[in-house]
Enquirer: 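Dropping a structure here in structure tokens format, bear with me for questions.
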Amino acid sequence: MAAALYMRGIGVVHCPTTLLAQVDASVGGKTAVNLTAGKNLAGVFHQPRAVYADVGVLATQSEEEYRSGLGEVLKTALVAGPELLELVEQGAPGLTARDPATLAAIVAACVRAKAAVVAADPLERGPRRALNLGHTFAHAIEHAAGFGRVPHGIAVAVGLGIALRAARELGLLEDRELPGRLGRLMGRLGLPADLAELRSSRLSDMPAALSPKELVRAMRLDKKSRGGAVHLVLARAAGRLDLEVPVDGALIESWLAP
Ligand code: GLY
């Protein structure tokens, strides 16, 4: 974001040193900072000239931050389709062991998938919205918990599970095996299975923070929310998404009850 603002924009090369940045944040030119009012509310698009990702450095990442990156890997797989989802399932043991060959293959596949989406819609007028799958819920979790308390990708993983529940409740889900499949994969990758697990693991000192009411209040601050309805990206199946489903806040609240 500094490179976008300095002298009205200078070139930048990213050398991402976290899994989350390698598979997602370094690619596509989104830059932003959080405001008290919500996540990423002040920002600008500024494409990097190049991205240099060395998976060797991931050996030094904290376990929690590494798992957070796995949340974005799962999101990318659900957006891209069955092929990448299968690659992640097959690579799960190598991913948890941070095996460099597995990481190189999966990081490259995620970047290819994301770059294809971004190239078609760099300014997020339409198809790029797919990359926000799970993020309306994730941003609400991060905001309600207090920024910095729940790592972004961990909130995204929980958000993906909620998005699949939402698709099922709204009668949109076509691949009925997908929620169970994702849940098993999250378990293998050490990610919280759902909001209940996240609530008990993180927020024993602030039980009200992740209440359905607080979460829906935070969702209404999301950039994609309009009027009374929250606009969700939902998956019918891996690679088959609805990009803008307006859903009443009260209905969402009912899905988030403990
Ligand atoms: N992180 C989502 C995107 O770059 O569009």
Side-chain angles (χ1 to χ4, degrees), residues 1-4 12-35 38-53 65-81 84-85 88 106-143 147-148 150-163 191 218-219 221-225 230-235 238-245:
M1 188 170 156
V12 64
V13 172
H14 292 315
C15 300
T17 56
T18 68
L19 179 59
L20 186 141
Q22 291 191 356
V23 296
D24 191 56
S26 64
V27 177
K30 277 191 183 175
T31 75
V33 293
N34 304 331
L35 300 183
K39 173 97 179 168
N40 290 345
L41 285 185
V44 61
F45 285 99
H46 189 62
Q47 296 293 343
R49 297 271 168 89
V51 179
Y52 179 77
E65 285 300 330
Y66 181 76
R67 280 192 204 158
S68 171
L70 293 173
E72 289 286 8
V73 169
L74 290 184
K75 176 209 75 179
T76 310
L78 288 184
V79 170
L84 185 50
L85 188 58
V88 176
I106 288 179
V107 169
C110 287
V111 170
R112 267 196 301 275
K114 176 163 182 181
V117 176
V118 171
D121 179 21
L123 300 180
E124 199 172 297
R125 304 281 188 239
R128 183 170 178 167
R129 290 191 196 136
L131 295 169
N132 297 324
L133 180 64
H135 278 59
T136 301
F137 301 112
H139 288 169
I141 290 169
E142 292 175 83
H143 185 223
F147 289 127
V150 180
H152 176 65
I154 292 191
V156 167
V158 174
L160 294 174
I162 302 171
L191 291 163
M219 272 171 224
L221 298 171
D222 195 87
K223 290 190 287 310
K224 288 107 197 158
S225 159
V230 177
H231 288 241
L232 299 176
V233 179
L234 296 177
R240 278 211 302 284
L241 277 71
D242 283 351
L243 299 182
E244 196 155 358
V245 183

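Every number for a ligand or one of its atoms is a count from 1 in the order of the listing.
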Enquirer: Answer with yes or no whether Glu72 contacts ligand 1, where contact means a heavy atom under 4.0 Å from a ligand atom.
Expert: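 Glu72: no contact with ligand 1 (<4.0 Å).
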Enquirer: Taking OH in Tyr52 as the centre, count heavy atoms belonging to other residues, nucleotides or ligands within less than 6.0 Å. Is the count above 12?
Expert: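 No, because the 6.0 Å sphere around OH of Tyr52 holds 12 heavy atoms or fewer from other groups.
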Enquirer: Among all protein heavy atoms, pick the one closest to atom 4 (O) of ligand 1 and tell me residue, atom and distance.
Expert: Lys114 NZ, 2.6 Å
Enquirer: Which one of Val23, Leu131, Val79, Asp121 has a non-hydrogen atom at the shortest distance from atom 2 (C) of ligand 1?
Expert: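 Shortest heavy-atom distance from atom 2 (C) of ligand 1: Leu131.
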Enquirer: For Val150 and Glu142, which heavy atoms make the closest approach, and how far apart are they?
Expert: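 Shortest heavy-atom contact: O-CG, 3.8 Å.
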Enquirer: Please find the pair of heavy atoms, one from Leu35 and one from Ala42, that lie closest to each other, and give the distance.
Expert: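 Residues Leu35 and Ala42, closest heavy atoms: CD2-CB, 4.1 Å.
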Enquirer: For a side chain to side chain donor-acceptor pair (under 3.5 Å) with Asn132, tell me which candidate from His231, His139, Glu124 qualifies.
Expert: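 When His231, His139, Glu124 are each tested with Asn132, the side chain to side chain donor-acceptor pair (under 3.5 Å) holds only for Glu124.
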Enquirer: Could you walk me through whether Val156 and Leu20 pass the side-chain contact (heavy atoms from CB on, under 4.5 Å) test, one step at a time?
Expert: CA-CA 11 Å; Val156 167; Leu20 186 141; over 6 Å; no
Enquirer: Which heavy atom of the protein is the closest neighbour of atom 5 (O) of ligand 1, given with residue, atom name and distance?
Expert: Arg128 NE, 2.8 Å
Enquirer: In terms of atom number and element, which parts of ligand 1 are under 4.0 angstrom from non-hydrogen atoms of Asp24?
Expert: 1 (N)
